[in-house]
Every structure is written in C-alpha cells, then in structure tokens.
Enquirer: 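The structure's right below; bear with me while I get my questions together.
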Amino acid sequence: MYDTIKDRICDVCRRMWQQGWVAANDGNVSVKLEDGTFLVTPTGVSKSFITPEMIIRLDRDGQTVLEAEGGFRPSSEMKMHIRCYEVREDVGAVVHAHPPTATGFAVADIPLDDYSMIECVLSIGSVPVAPYATPSTWEVPDSIEPFLPEHDALLLQNHGALTVGKDLITAYYRMETLEQFAKITLTARLLGGAKELSRDRIDTLMDLRKNYYHVPGAHPGYKKYS
Ligand SMILES: [Zn+2]
C-alpha cells in the first residue's frame, strides 16, 4: 500500500544523501496520509540505502506501529515530526537533515533572517534557531513548538535543520532553498555583508507569497521589521 508515496520518500532520502546533507544514519522524513496515519523512515539505515519496504507506517498517535517489515523501527526523532503535524493542520510532510552550511549557522547559533534574496522571502521567510534540546527526548518537540505557527523552516541549535510543507516535495524544496540560502549568506558575509531588500520590496514579495503562492496567513515565517 502507498507504494507511490514510499517511492517518493526513498527518492527524497537519496537526494539528501547525494547532496551531503546526511552522514551515516542522519536525518528523517515523514508524510501524513489522508487517513491521518503516517509513513516514516526507519532508524539505523543510511538514507542512501532506504528502500520502500523499509518505510514504517505509524497510527494517528504517531507512536503505534501499524506496519514495519524486518524489525525496522521508527526514528526517535519522530517526536519532533509528530509535533509539527499536531501544531500545524496544513502540514503534510516533514524533512529533517544536517545540511552542512545551514547546520553551520545552527551550530554558531546564527539565524538566517536577512531579507536579502527574493526566492527565500517567497519560499521560506526568516529562519530562526530553536534552542538546544537533548536528542530523542521530549525537549526536542518542545523546543521547536513556539516557532512552528509562523515558520516553515527552522535551524536546530547544535544539531541541524527542519522543514515542513503541505506535501513532501514542498518540504524537500524548502530544505534545498534553506541550504542554498545559507551558502549564499555565508558568501555574502565574507564579501562584507548582504544588502537587505527595502521595506517596499519586501511588502510586495509578501503579497506575492500570499496571493500567488497561496501561503495561508498574512505574513507567516517573517521576522518583525520596523
Ligand atoms: Zn538530526
């Protein structure tokens, strides 16, 4: 069942590994199905080796395993994924990875909140750093929850990055945009700093995001500016 979605999850996992966003068994991907259950990646498997039969199906509570072949278990980081779905009705997929440049900002505790690149304002808005949390504990979902209502992309302090979307490809593209923006921001800072867009231009882009990209809410994902 759900073969097409399982294939897409495996495709995203391989793309993440190919781009160097995950080493060894890092990272995880989940998708919410129409019946409210979830397909999630297993723990302890490199994203380069994942095949559709390894994908696990979890019940609506995000904890009870409905389908799992060969003794595969869901990642302990699923607590973080499930919190995204609980807080955001509109979220249909969650991607977690350690893309090196974005994770560098997370490790340095530097948010990616310049309004300097058009594509980023449209796609992910500002990206805050969620405070440090001990892996696999409930500290992790608790640390991200305050940021979820207004942000589709987060940095996790001393850890990595998290993106959400209405579907898998949207969540995946946001991770791509986040890592690309991190690389460009790092380069711009080496060159003396990015020049931010004017307030007029940011307002125009926000209207575009709302009306053309159909992002719910007025200005989700944007830092307050004066
Ligand atoms: Zn991680």
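When a ligand or atom number is given, it counts from 1 through the structure's own listing order. Residue numbers run from 1 in the order of the sequence given.
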Enquirer: Any donor and acceptor pair, going by atom type alone, linking the side chain of Asp59 with main-chain N or O of Thr64 inside 3.5 Å?
Expert: no
Enquirer: Just so I know, are the side chains of Ile82 and Phe38 near enough to count as touching, which here means a heavy-atom distance under 4.5 Å?
Expert: yes
Enquirer: Show the atom names and distances, to 0.1 Å, of all donor-acceptor pairs under 3.5 Å that link a side chain in residues 156-166 to residues at least two apart or in another chain.
Expert:
unit_1, atom_1, unit_2, atom_2, d
Gln157, OE1, Tyr132, N, 3.1
Gln157, NE2, Asp109, OD1, 3.1
Gln157, NE2, Asp109, OD2, 3.1
His159, NE2, Glu77, OE2, 3.1
His159, NE2, His96, NE2, 3.2
His159, NE2, His98, NE2, 3.3
Thr163, OG1, Ala171, O, 2.8

Enquirer: Tally of protein N/O/S atoms under 2.8 Å from the Zn ion (ligand 1)?
Expert: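 Those protein atoms number 3 in total.
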Enquirer: I want to check something: taking the side chain as every heavy atom from C-beta on, are Lys79 and Asp142 in contact at a cut-off of under 4.5 Å?
Expert: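 No, side chains not in contact.
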Enquirer: Do Leu58 and Lys32 come close enough that some side-chain heavy atom pair is under 4.5 Å?
Expert: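 Not touching, per the 4.5 Å side-chain cut-off.
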Enquirer: Any non-hydrogen side-chain atom of Glu176 less than 4.5 Å from a side-chain atom of Gln19?
Expert: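 SC-SC contact between Glu176 and Gln19 confirmed.
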